[in-house]
S.K.: 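Sending over a structure as C-alpha cells; questions will come in a sec.
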Amino acid sequence: MKFPQQGQPPAALLSSLKARKSNDVRWEDGRVFAYIYDAGDEAKQLLKDAFSLYLMENGLDPTSFPSCLELEKDVIGMAVDLVNGGADATGTFTSGGTESILLSLKTTRDYYRDVRPDITRPEVLMPTTAHPAFHKACQYFDLTAVTVDVDDDFCAIPGPMEAAITANTILLVGSAPSYAHGAIDPITELGQIALRHQLRFHVDCCVGGMYLPFAKELGYDIPAFDMSVPGVTQLSMDFHKWGYAAKGASCILYRDRAIRRYQIFSHANWTGYAVINPGVTSTKGGGPIAACWAILNYIGRDGYLKLVQSAQEASRKIVAAVKEIDGLEMMGKAQINMLALRATDFNIFPLADAMKARGWFIQPQFGFANSRENMHLSVGPHNAHNIDEFVADLREVTAQVRAAQQGVEPFVMPAELRDFIVNSGPEVMDQLGDLLGGDGSTLPGKMEDINLMLNQLPADSREMLLGEFINRLYNPDTQQ
Ligand SMILES: Cc1ncc(COP(=O)(O)O)c(C=O)c1O
C-alpha cells in the first residue's frame, strides 16, 4: 500500500476494516479454542468504553496522569491479593505475559550482577514445558537457558531440576499451568529447592493466575501454586487471558518490593526529559490499564467463580468425550481448561484442517521431548454452548481422517531432505517452495503437510524455517 494522498472519511475506513476481518477465525461464535478470552457482550462493551475513555492518556508520566498511576496501583493490589503476595509484595502492569517474563529475568540478572558479581555466565533453570518467553528473555539478556525433562504428565520433576543446579544458576522456573498441556508444576517442592540453594523462583501463572485461584475455591484439586508457597519470589499473571481484559494487560509481581529497583530503567544523561520506565516500553497507553481495572471490578470474585465453573464443565465434557473417541487420547492430567489431545494411531495434523473446514479452530503443537505432536484446546466459557456440537464434529472428523489414512504409507521425510534442511540457512526457503506451497511470502491454505514436515525436523530447523517464513510474510506490497 502506498501512503494515501488524501484522507478518507471514517465510515469508509471502518467498513474497510470490518471487511478485512472476513478471513480471520470466527471467534464471535465461540468456535475458536485459542487466543480468545471472552466474558460476554456486556463485558466487551465495558472494555471498549473504558479503553476509549483512556485512549489518549499516557501512563509514562504519573505526574501528568496520576489517574493511570492509581489504576495501576489498584490492579496490582488486586493481583497481589488474589495470589497471596503478602504485605511486602509489589508489581508492574505490563503489555503481556512475555513482557512480564522479560522483566522478571532482567531484574533477576541485574540483582545477581550486584550481589554475586562472581557469576559471569548466569543460568536460568526451567522444565521443557516452560513458555518460549523465558528463552526469549535469555536470548535478549544474554542468559543461558537450561532445560530439564518433565514426567509423563508433563510436570517438572524436582529431583532432576535440583540436580541441574550449578554454581551459575540464578533462577528456577515453574509453570502453573503450562500452556501446552495445562500441567501444574510441583511448586511447593520447587520452592523448597529454591530455598535450599538460595535461588530466586519465578512461577509462570500467565495463563493460570486468573483461573487457578477460582478453580481451587470451587473445590477442584489444584495443588499449591501461588506466592504463599515458601520460596516463590516472583510470579507473572495475565489479565488479558482468563481475566478477560483487553489485550495488552499482564503483570509481574515480586514478593520483596526492594528487588523491583533492578527492573527500572532510569535515564537522565541526555538533552531531554528524564526517562524513567518500570517496563520495557516508555509510552504507556492508558487504554489497557483502564479496561483491565474496569473488567476486574465488573466481574469480581463471584463472576470469575462462575466463569471458571463454566470453563471447567465444558472441559470435563470434552475430556469425557475424547475418552470415547477411537484414535484420540488426552495428554497429561487434563485437570483444567488447557487441554492437549493426541492421536493413538494416525497422523493428527489433518484434523486441524478438517475441523477448520467445519468452522472450528484447534491449535496444532509439534512433538518435542516426551510430548508427541498434538492438538491444543484452550476452553473458555464462550465455547461452553458449543461443546456438544464440537465433540460430535470431532468424533466424525477423527473417523474420517483416520479412515483416509488407512492403507496409506505415512509420510516420512527422506533422510537426504532432512539433512539438507538441517545443514541449510534461511535461504533454503527458496528451494522448498513446492513442498510449502509457495515461496513463503504468502499464507498457505492448508497446514497439514507443512506441519507434518516440520514435525519431522529438529526444533532448531523448525525455528529457522518458521522464522524465515515470518520474515518473508511481513513485507509491504510496494508494487501497487
Ligand atoms: C504459561 C504462559 N506463559 C507466558 C505466555 C506469554 O504470554 P503473552 O502471549 O501474553 O506474551 C503464555 C501465553 O499463552 C502462557 O500461556
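Start at 1 and go down the list; that is how both ligands and their atoms are numbered.
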S.K.: Identify the closest protein heavy atom to atom 2 (C) of ligand 1: which residue and atom is it, and at what distance?
M.R.: Asp204 OD2, 3.4 Å
S.K.: Could you list which atoms of ligand 1 come closer than 4.0 Å to a heavy atom of Tyr179?
M.R.: 14 (O), 16 (O)
S.K.: Between Ser236 and ligand 1, which part of the residue brings a heavy atom under 4.0 Å of the ligand: side chain, backbone, both or neither?
M.R.: neither
S.K.: Answer with yes or no whether Pro177 contacts ligand 1, where contact means a heavy atom under 4.0 Å from a ligand atom.
M.R.: yes
S.K.: Can you tell me the protein heavy atom closest to atom 11 (O) of ligand 1 and the distance?
M.R.: Thr98 OG1, 2.6 Å
S.K.: What I want to find out is whether Lys216 reaches Asp226 closely enough, with some N-O distance under 4.0 Å, to be called a salt bridge.
M.R.: no
S.K.: Do the charged groups of Asp24 and Lys21 touch, with an N to O distance under 4.0 Å?
M.R.: no
S.K.: Could you list the atoms of ligand 1 found under 4.0 angstrom from a heavy atom of Ile101?
M.R.: 4 (C)
S.K.: So which of Thr107, Asp256, Thr108 actually passes side chain to side chain donor-acceptor pair (under 3.5 Å) with Arg200?
M.R.: Asp256
S.K.: Quick one: look up the protein heavy atom nearest atom 7 (O) of ligand 1 and list residue, atom name and how far away it is.
M.R.: Lys241 NZ, 2.9 Å
S.K.: Given that the side chain starts at C-beta and the backbone is N, CA, C, O, which of these parts of Cys206 lies under 4.0 Å from ligand 1, counting heavy atoms, or is it both or neither?
M.R.: side chain
S.K.: Suppose we measure from atom 15 (C) of ligand 1 to each protein heavy atom; which comes out shortest, and what is that distance?
M.R.: His131 CD2, 3.5 Å
S.K.: One thing to verify: whether Glu329 and Arg342 come together as a salt bridge, which I'm taking to mean a side-chain N less than 4.0 angstrom from a carboxylate O.
M.R.: yes
S.K.: If every non-hydrogen atom of Ala145 is compared with every non-hydrogen atom of Met126, which pair is closest and at what distance?
M.R.: CB-CE, 3.6 Å
S.K.: Taking the non-hydrogen atoms of Met338, is any one of them nearer than 4.0 angstrom to ligand 1?
M.R.: no
S.K.: Which atom names give the shortest non-hydrogen contact between Val232 and Arg255, and what distance separates them?
M.R.: O-NE, 2.6 Å
